[in-house]
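Please read the structure below before turning to the comments.
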Amino acid sequence: MTKPQKSQPGARIDDESLELSRSRVEDRGPSLGDYIAQRIREDASHLRARGLEAARRFLDEHQAVFYKAEDTGQ
């Protein structure tokens, strides 16, 4: 399996967040960059899950409107 290509964006974060990140890295073991990348992937996964849940709720509430439109040919 090929390793993903890496970039160095040079993002700026406040000192408190940097120190918290460094302490988490010490607890977990990955590099700071890997830790930040992991957190971004986790955040993106949660956003996707929330979006899918919102879509499910929307369909649960409004599916009848779509069925009615199909039945009347609209």
Side-chain angles (χ1 to χ4, degrees):
M1 183 171 158
T2 307
K3 282 188 170 184
Q5 187 174 354
K6 293 186 177 187
S7 297
Q8 189 171 357
R12 295 180 184 267
I13 61 173
D14 62 86
D15 291 341
E16 181 182 2
S17 296
L18 179 60
E19 287 308 312
L20 287 169
S21 298
R22 285 181 174 155
S23 68
R24 294 299 295 153
V25 165
E26 288 176 12
D27 293 343
R28 292 181 166 192
S31 69
L32 182 60
D34 289 344
Y35 173 75
I36 292 170
Q38 178 184 358
R39 298 297 301 160
I40 291 168
R41 284 191 298 274
E42 288 172 2
D43 183 55
S45 294
H46 292 293
L47 289 175
R48 181 178 184 278
R50 285 186 11 217
L52 290 173
E53 176 62 21
R56 186 196 60 76
R57 283 193 317 269
F58 176 84
L59 286 175
D60 286 349
E61 293 175 20
H62 303 290
Q63 187 67 53
V65 174
F66 293 103
Y67 287 144
K68 186 176 180 180
E70 285 179 354
D71 289 343
T72 61
Q74 296 178 351

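The minimum heavy-atom distance between Leu32 and Ser21, with the atom names listed, is CD1-CB, 3.6 Å.
Enclosure of atom CZ in Arg50 is not indicated, since only 12 or fewer non-hydrogen atoms of other residues, nucleotides or ligands lie within 6.0 angstrom. Within a 6.0 Å sphere centred on CG of Asp60, heavy atoms belonging to other residues, nucleotides or ligands number more than 12.
Note that CZ of Arg22 is 12.0 Å distant from OG of Ser17, once rounded to the nearest 0.5 Å. Considering CZ of Arg41 and CG of Asp34, their distance stands at 7.5 Å, rounded to 0.5 Å.
Cluster membership for Ile13 and Ile40, using ILVMFWY side-chain heavy atoms within less than 4.5 angstrom, is shared.
Of the charged side-chain nitrogens involved, none lies within less than 4.0 Å of a carboxylate oxygen, so that Arg39 and Asp43 do not count as a salt-bridged pair. With respect to the salt-bridge test (charged N to carboxylate O, under 4.0 angstrom), the residues Asp27 and Arg24 qualify.
Under the 4.5 Å side-chain criterion, counting only non-hydrogen atoms from C-beta, Leu20 is in contact with Glu16. For the pair Leu52 and Arg56, the minimum side-chain heavy-atom distance is 4.5 Å or more.
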